[in-house]
Amino acid sequence: MDYQFRTIEQKWQQYWKDHASYQVSNQCEKPKFYVLDMFPYPSGAGLHVGHPLGYIASDIYARYKRLKGYNVLHPMGFDSFGLPAEQYAIETGQHPATTTANNITTFRNQLDKIGFCYDWSREVRTSDPGYYKWTQWLFLHLFNSWYNRRAGKAEPLTTLTDAFASAGSDGAGYLQPGIPPFTATDWQQYDHKTQQDILMAYRLAFSTYGEVNWCEALGTVLANDEVVNGLSERGGHPVVRKKMRQWYLRITEYADRLLEGLETVQFSEPMKEMQRNWIGKSQGAEMSFAVAGQPEGTTIKVYTTRPDTIFGVDFMVLAPEHELVAQLTTAGQRAAIDEYLGYVESRSERERMSEVKQVTGCFTGAYAINPLSGRQIPIWIAEYVLAGYGTGAIMAVPCGDQRDHSFAEHFAIPITNIIGSHYNGHEANPTKDAILEKSGFLNGMLMKDAIGFAIDRLEADGIGQRKVNYRMRDAGFSRQRYWGEPFPITWQDGVAVAMDASALPLELPFVKNYGPGPEGEGPLANITEWTTQGSHRRETSTMPGYAGSSWYFLRYMDPHNTNSFCDRAVSDYWGQVDVYIGGTEHAVGHLLYSRMWTKVCFDLGLIGFDEPFRKLVNQGMIQGSSRFVYRVRETRQFVSAGLKDQYETDRIHADVNIVDGVELDTAAFRQWKPEYADATFILEDGKYICGVETEKMSKSKYNTVNPDVLVEKYGADTFRMYEMFLGPVEMSKPWDTKGIEGVHRFLRKLWRLFFDETKGRVWVDVPATDAEQKILHKTIRKIEGDTENFSFNTAVSAFMVCVNELAEANCHKKDILGPLLVLLTPYAPHISEELWQVLGNTGSILDAAYPVLDEQYLAETEKEYPISVNGKVRTNIRIATDLKQADVEQVVLNNEVVQKWLEGKPPKRIVFVPNRMVNIVI
RNA sequence: GCCCGGGUGGCGGAAUUGGUAGACGCAGCAGACUCAAAAUCUGCCAUUCGCAAGGAUGUGCUGGUUCGAUUCCAGUCCCGGGCACCA
């Protein structure tokens with residue numbers, strides 16, 4: 001009786017289905033545990049071996065926690081709105097709902113074969129109206145809330161209107177830019193539109209103008225992804241940045257709480273670091289520079305973290321989009337400025353930030369006046385200053401900032417050195433440790449100390465004030481697209497009106513054509529019968545991908561509730577996600593957005609916790625390992641990699657699935673594509689050897705490996721363990737199918753501990769020896785520790801070691817094998833169930849008790865110590881573990897190898913680290 | 001360009017966080033079983049010098065700290081991820 005994995009896996013998958021083994025209740029005596037995967041976007045390409053890496057890891061952990069006695073919530077769903085489906089619709093005319101549903105079916109089938117313990121009764125799909133009803137509902141909460149800075153939390157807008165009515169603009173506690181101060185009476189007398197415009201400046205979800213990538217030729221707004229070198233990916237048409245009305249989430253109000261919240265969660269330090277950098281909190285000063293020859297009140301505001309360098313300012317740079325550019329530009333410079341503005345319009349933000357080789361800019365002709373020194377300095381515009389950062393203007397200090405320095409050199413602007421010998425004349429020095437020179441009242445001060453001193457002076461003189469700045473900007477929340485959640489908003493006379501929550505969901509209407517609407521609006525703008533609602537017009541943008549994914553973890557808790565997005569009692573029971581597993585590519589975007597939504601929900605009393613994910617585990621990417629064949633130019637002859645340099649060849653991707661390691665299956669290659677049917681091969685040593693390169697796993701590179709194929713060939717248990725065996729979950733690594741045999745052999749070897757090919761049953765029910773118990777308990781300790789630490793690759797090797805040792809010891813005893821199976825269940829659930837049943841157990845192993853470590857089997861009395869001389873290991877000696885240092889020294893010095901190295905000299909020192917090593921220094 | 005991560009045998013990786021570098025597996029080589037093959041089992045397997053015993057070198061590169069560094073520090077090169085409309 002051999003290991004029939006296909007039969008076994010089908011049998012148990014059916015059993016789990018029939019017994020609803022993975023269905024989880026919201027009421028349970030046991031402590032709860034919530035294990036969550038980042039749900040996938042169901043792409044048309046189906047699942048490849050990279051996807052399940054994190055899913056297997058979380059599945060192992062979820063199963064482990066269940067064995068440890070927890071009520072484990074482990075759901076899965078689909079992030080099913082998104083650009084690719086819409087793009088596919090444009091190309092093929094098929095409705096995204098149809099293709100998405102098909103893709104989900106494919107994903108589901110693939111996932112099912114791997115034997116995950118998901119509770120599929122809780123599946124969510126973000127594109128399902130029953131789901132996005134609640135996304136819209138939450139959007140309305142964001143729209144109808146503002147951030148009360150005094151209270152430090154979001155509140156319903158009614159508290160703001162009440163405050164305005166009783167105290168005017170002071171009632172809010174802060175004035176938004178562009179809103180003039182007003183009294184309570186003013187407020188009451190304002191017309192509806194004025195009031196609404198003011199409220200819009202406070203709403204957590206708000207609409208204003210923002211820049212998009214506009215492609216005139218395609219008549220559409222493009223994603224950054226669709227723009228390559230300033231041209232559209234499709235068609236290569238020019239792309240410029242254009243202002244359009246957009247929706248935003250006021251995430252900046254949460255900047256501090258998003259920072260503070262990081263202290264309460266278990267994310268890796270680099271992950272926290274990335275989020276902190278994204279938020280980019282800095283302390284500094286905002287100050288105003290007057291402009292020579294301009295009316296009083298025309299000032300340029302700059303934000304700087306280094307007010308100590310104020311006397312080193314040699315010029316100012318405005319963002320080309322800065323509102324004062326037109327006003328300041330002198331007649332003589334107008335033509336040059338206009339030309340430069342045309343250039344900048346074609347540059348993406350990314351290009352503008354990363355440009356270092358080529359310095360560009362243009363002089364406006366105007367001069368600003370340094371408020372402290374009175375010096376006049378030229379005002380330039382340059383692409384490296386972005387309108388959205390700080391005030392959109394900087395004071396340039398060439399001796400302290402390299403970009404300013406390059407700019408000054410390039411345009412021959414004289415550089416003032418305020419840091420004496422710390423500046424070498426060739427490159428900027430951003431030090432804070434120099435003593436200031438040529439700096440007026442700051443002369444002789446250490447720069448560090450001068451920062452605060454300078455700000456005090458700015459405040460005293462009324463020129464500027466202390467200011468905390470954030471690099472993070474409010475999050476763009478609208479897309480000029482079809483396949484996303486429609487906004488539950490209509491517009492009337494320029495005022496956004498929220499739909500009544502009772503009318504939700506606002507369903508996405510069917511369209512026939514996915515082309516853009518007029519003026520760059522989304523496809524919905526073409527359906528006038530949908531957009532026209534009496535005197536109102538519906539918002540035609542849709543929400544971005546992260547809308548649905550910002551709160552999905554809550555919906556899993558209560559997925560079928562039609563009265564609430566998630567019942568409060570249920571979210572109180574499940575609480576935070578205990579472990580969240582997903583890729584680092586989501587390190588910032590998705591995590592910050594869902595953290596913000598959670599905080600808003602918390603502030604509004606919808607849930608009882610304000611951080612969604614207690615612990616985050618990052619999974620590395622699985623890269624593709626591409627294989628290449630070399631076609632001799634203008635022939636149908638292919639030459640093996642080792643001989644390719646003797647010919648002029650073209651490199652062509654070969655499908656990794658027809659290559660064994662690096663050896664091409666030439667017959668399969670001929671059948672792969674009609675054009676290769678009559679291919680001939682120039683071999684080396686009788687083989688065709690392929691070239692190898694690690695690239696992103698992608699269909700177009702023919703380096704994707706479908707898990708179905710591997711599951712079919714080796715079984716789900718082998719596949720699961722092999723994915724884990726590849727290396728640490730959090731590290732990226734190339735996929736290579738070659739090693740999977742080893743894991744499969746391990747499972748067969750395990751099987752042979754129970755059954756022999758010829759003898760049949762070999763397992764026995766007799767008491768185990770201490771030596772056998774030691775093998776087991778060593779394994780218990782290792783597996784439990786590794787599983788807790790998400791070190792699944794070392795756990796798999798520990799299983800291998802254990803089975804090797806049991807085979808060596810000829811141990812087939814139930815006492816040992818039973819607990820071993822329980823340890824193995826999370827990793828290889830099918831074979832464990834089968835063998836558990838073989839051992840005579842009734843019921844599923846899913847609910848077995850996790851083995852308990854018994855230390856008595858692990859006690860050691862002796863250890864083999866490595867003996868080093870000057871740090872180099874020279875020999876090993878067995879030494880009793882309880883021996884004291886003096887005795888150890890005696891033993892070691894008596895050793896002949898040690899004596900040989902000592903050459904009769906006395907040692908200078910002997911380092912003895914109990915249970916580790918001995919080092920003799922001579 | 002900026003931020004984050006990673007570089008260890010032919011390959012994936014291990015190393016109790018400063019204490020025997022290369023566990024486990026793949027590939028390879030040699031052998032056993034077999035008519036043969038598959039499966040299985042045994043042995044070898046970083047580089048280099050040496051018949052051997054044994055020695056030297058070795059964790060991207062250059063330095064430093066230490067009795068001792070894959071591990072800590074400084075610098076540097078290469079690769080991957082993110083940079084706000086891919087998800």
Side-chain angles (χ1 to χ4, degrees), chain A residues 2 38 40-41 43 79 81-84 87 212-213 221-227 246 268-271 273-274 276-278 280 349-357 384 388 402-403 472-481 544-546 549 583-590 592 618 620-621 623 625 661-662 692 694 696 722 725-728 730-736 738-743 745-746 748-749 752 757 785 791 793-794 796-801 804 807 864-876 907-911 913 915-922:
Chain A
D2 59 345
M38 288 186 187
Y41 174 78
S43 80
D79 190 11
F81 272 134
L83 201 49
Q87 196 51 50
V212 293
N213 299 315
V221 174
L222 297 177
N224 287 340
D225 244 36
E226 301 175 299
V227 183
Q246 301 291 333
S268 70
E269 203 42 54
M271 198 58 42
E273 195 63 22
M274 276 191 264
R276 285 191 199 108
N277 290 339
W278 180 275
E349 206 168 274
R350 178 88 53 85
E351 288 170 325
R352 288 173 56 174
M353 283 188 296
S354 37
E355 186 65 79
V356 280
K357 293 185 194 102
Y384 78 90
Q402 190 52 43
R403 262 192 315 193
M472 182 166 70
R473 310 195 294 248
D474 284 327
F477 196 67
S478 47
R479 305 288 184 258
Q480 284 63 54
R481 298 288 175 182
Y546 67 82
S549 61
T584 40
E585 65 271 26
H586 303 286
V588 180
H590 162 62
L592 278 179
N618 284 115
M621 296 233 314
Q623 292 145 332
S625 184
V662 290
V692 177
T694 299
K696 199 170 175 158
Y722 182 57
F725 190 56
L726 277 179
E730 67 274 11
M731 277 221 293
S732 293
K733 55 241 159 187
W735 177 267
D736 185 2
K738 198 78 192 168
I740 197 168
E741 301 267 0
V743 175
R745 271 177 215 146
F746 153 74
R748 286 219 303 259
K749 195 163 181 179
R752 287 200 305 275
E757 238 178 283
S791 179
N793 56 325
T794 52
V796 174
S797 39
F799 281 123
M800 289 173 171
V801 170
N804 287 346
E864 186 150 282
Y865 278 81
I867 312 300
S868 311
V869 177
N870 284 343
K872 284 195 166 67
V873 180
R874 296 301 176 185
T875 188
N876 288 294
K908 275 196 197 129
R909 184 177 159 190
I910 297 177
V911 182
V913 184
N915 255 308
R916 288 266 184 273
M917 45 69 70
V918 181
N919 186 23
I920 301 143
V921 186
I922 53 175

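Chain A is the first sequence line, chain B the second, and so forth, proteins listed ahead of strands; every chain is numbered from 1.
- Close to B:C85, at under 4.0 Å from its OP1 or OP2, lies a side-chain N or O of A:Arg479.
- Across all strands, A:Gly589 comes closer than 4.0 Å to no nucleic acid atom at all (heavy-atom distances).
- Nucleotides B:C61 and B:A27 place their P atoms 29 Å apart, quoted to the nearest Å.
- Here A:Val227 lies out of heavy-atom contact (under 4.0 Å) with every strand.
- Within the 4.0 angstrom heavy-atom criterion, base atoms lie near A:Glu585.
- Side chain A:Asn277 to base B:C3: no donor-acceptor pair is found below 3.5 Å.
- An OP1 or OP2 oxygen of B:A87 is reached within less than 4.0 angstrom by no side-chain nitrogen or oxygen of A:Arg481.
- Base orientation of B:G10: anti, the glycosidic angle falling outside 90° of 0.
- A sub-4.0 Å separation between OP1 or OP2 of B:U40 and a side-chain N or O of A:Arg748 is present.
- A:Pro544 comes within 4.0 angstrom of nothing in the nucleic acid, heavy atoms only.
- Taking the side chain of A:Arg916 as heavy atoms from C-beta on, and the options B:A21, B:U17, B:A27, the nearest nucleotide is B:U17.
- Regarding contacts with the backbone of B:C86, every side-chain N or O of A:Asn224 stays at 4.0 angstrom or more from both OP1 and OP2.
- Straight-line distance between the C1' atoms of B:G9 and B:C26: roughly 13 Å, to the nearest whole Å.
- Residues A:His586 and A:Asn618 have side chains not in contact (no heavy-atom distance under 4.5 Å, counting atoms from C-beta outward).
- One P atom belongs to B:U47, the other to B:G22, and the distance between them is 14 Å to the nearest Å.
- Within 4.0 Å (heavy atoms only), A:Pro728 reaches sugar-phosphate atoms of the nucleic acid but no base atom.
- Counting any heavy atom pair closer than 4.0 Å across all strands shown, A:Arg874 reaches sugar-phosphate atoms only and no base atom.
- OP1 or OP2 of B:G80 has not a single side-chain nitrogen or oxygen of A:Lys733 nearer than 4.0 Å.
- Of the listed nucleotides (B:G68, B:C26, B:C85), B:C26 has the atom at the smallest distance from the side chain of A:Lys738.
- The residues A:Arg748 and A:Glu741 are annotated as not salt-bridged, no charged nitrogen and carboxylate oxygen being separated by less than 4.0 angstrom.
- No hydrogens or angles were tested; on distance alone, a donor-acceptor pair under 3.5 Å links the side chain of A:Gln480 to the base of B:C85.
- Distance CG (A:Asn804) to C1' (B:C26): 15 Å, rounded to an integer number of Å.
- For A:Arg745, a side-chain nitrogen or oxygen approaches OP1 or OP2 of B:C26 to under 4.0 Å.
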